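Read the numbers this way: they start at 1 and go in the same order the structure lists the ligands and their atoms. As a basis for the values below, the full set of heavy atoms in this structure was taken, side chains included, without hydrogen atoms, waters or symmetry mates. Worth saying up front: this structure is predicted, and the values here are computed from it rather than measured.
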Amino acid sequence: MPAPAIVTRFAPSPTGSLHKGHAYSALLTDSFARERGGRFLLRIEDIDPTRCTVENTAGIFQDLAWLGLEWETPVRHQSNHRDDFTAATAGLATRGLLYPCFCTRNDILREIERAGYAPHGSEGPLYPGICRRLSSDERDSRLAAGHPHALRLDLGKALQETGSDLIWHDAFHGPQPARPELLGDAVLVRKDIGTSYHLAVVHDDAFQGISDIIRGVDLFEATHLHRVLQALLGYPVPTYDHHPLLTDAQGNRLAKRDRAITLKSLRESGTTPKDLRKELGFP
Ligand code: GLU
């Protein structure tokens, strides 16, 4: 029997407890797959050991099982696959598409102040290109001296390879011309953890054959960059569905730090999975 065409995933980062917003996203993803005879995967995005804990990972399994979700095993834990991410990055580096960035946050802020203007994206002010402009001698001597550095995508060079007419499709918002300039020269390899969310998520979605990515609209802008990475790495382009985020009664986005609405606290205060599913609009 041919493999089902639809493969979805829920990909939380174990940096805190899951809340109602995560439950909504997970249920939406699961029901999308279920209604189409597809597969539903869970992936643990735990590349950042400074923020992720095994307790939070255990909590994710417990919360999702309580909610009545079932996922395929084995579950991919990104922290076990750093070599895959390094290999993907090495390919980009060999093609001259990455450059080392030695800047601290303060260096960047100082340069933005000096230049007197700062284009902004969803992740804050865009990188003003300081290390892209280093001479190769300067770059080599800092590397030889072992200065800590991240690796950034040289977006200008990347777009010369991919062309600038990339498109992706969002089920909720329609066809989207990719606008990676909203993220600029993004960091693909962080100084502290040796990879990045952007690189790891794009790699794993391709590796796991994800056909439909359902996630919150807070990641909408990131998708513009992800589309460029897919083109550079020769990966297939999934369809996206960036859903609205749940808000509290005051209209604020739910956050992991608000303990009251975590699934654990709801469970402990007597909410049943059936109540919650109903509240979120699922049978
Ligand atoms: N791991 C990301 C998060 O928890 C979500 C990744 C994604 O869905 O692309 O925010």
Side-chain angles (χ1 to χ4, degrees), residues 7-33 39-61 63-64 67 69 71 75-82 85 88 122-123 168-173 176 178 180 183 186-188 190 193 195-230 233 235-246 253-258 261-263:
V7 187
T8 67
R9 52 50 164 199
F10 178 59
S13 303
T15 54
S17 302
L18 297 188
H19 55 60
K20 273 188 196 178
H22 296 108
Y24 175 70
S25 197
L27 287 167
L28 202 60
T29 307
D30 173 67
S31 63
F32 181 93
R39 299 165 55 202
F40 170 71
L41 311 184
L42 171 63
R43 183 169 73 228
I44 302 295
E45 301 212 321
D46 56 352
I47 52 170
D48 185 346
T50 65
R51 298 180 60 224
C52 299
T53 67
V54 286
E55 292 76 20
N56 288 334
T57 299
I60 289 173
F61 284 104
D63 288 344
L64 297 180
L67 209 50
L69 292 170
W71 52 87
V75 169
R76 186 168 170 93
H77 292 243
Q78 288 189 322
S79 57
N80 294 334
H81 300 282
R82 292 182 188 281
F85 310 137
S122 59
E123 294 175 358
W168 53 276
H169 290 270
D170 188 278
F172 203 77
H173 301 270
Q176 302 293 321
L183 286 95
V187 169
L188 294 192
R190 278 169 46 181
I193 62 168
T195 186
S196 63
Y197 158 68
H198 297 304
L199 196 280
V201 78
V202 167
H203 176 277
D204 278 359
D205 284 332
F207 180 80
Q208 296 190 291
I210 306 299
S211 62
D212 293 83
I213 295 181
I214 295 156
R215 62 184 178 193
V217 74
D218 52 330
L219 289 168
F220 190 88
E221 278 195 11
T223 306
H224 292 302
L225 169 65
H226 297 180
R227 179 67 188 88
V228 173
L229 296 179
Q230 287 151 2
L233 293 163
Y235 294 160
V237 185
T239 296
Y240 289 85
D241 182 352
H242 292 96
H243 60 73
L245 300 181
L246 293 197
R253 231 170 97 167
L254 305 184
K256 280 179 180 162
R257 59 183 174 277
D258 300 332
I261 38 84
T262 64
L263 301 188

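Ligand 1 lies out of reach of H22, whose nearest heavy atom is not under 4.0 Å from it. Ligand 1 lies nowhere less than 4.0 angstrom from a heavy atom belonging to F10.
The number of heavy-atom neighbours closer than 6.0 Å to CZ of R51, taken from other residues, nucleotides and ligands shown, is 12 or below.
In P12, the part holding a heavy atom less than 4.0 Å from any atom of ligand 1 is the backbone.
A salt bridge does not link D204 to R9: none of the charged side-chain nitrogens sits closer than 4.0 Å to a carboxylate oxygen.
Near R9, the atoms of ligand 1 lying under 4.0 angstrom from a non-hydrogen atom of the residue are 7 (C), 8 (O), 9 (O). Numbered from 1 in the order shown, with element, the atoms of ligand 1 that lie under 4.0 Å from a heavy atom of E45 read 1 (N), 2 (C), 5 (C), 6 (C). Less than 4.0 angstrom separates some heavy atom of V201 from each of these atoms of ligand 1: 9 (O).
Considering backbone and side-chain N/O atoms, L219 never comes within less than 3.5 Å of an N/O atom of ligand 1.
Residues satisfying the side-chain hydrogen bond (donor to acceptor under 3.5 Å, both in side chains) test with H242, not counting sequence neighbours, are D170, R215, T223.
Counting heavy atoms from C-beta outward, F85 and I47 have side chains that approach closer than 4.5 Å.
No side-chain donor from either of T8 and D212 sits under 3.5 Å from a side-chain acceptor of the other. Using a 3.5 Å distance cut-off with no hydrogens or angles, the side chains of W168 and H224 do pair a donor with an acceptor.
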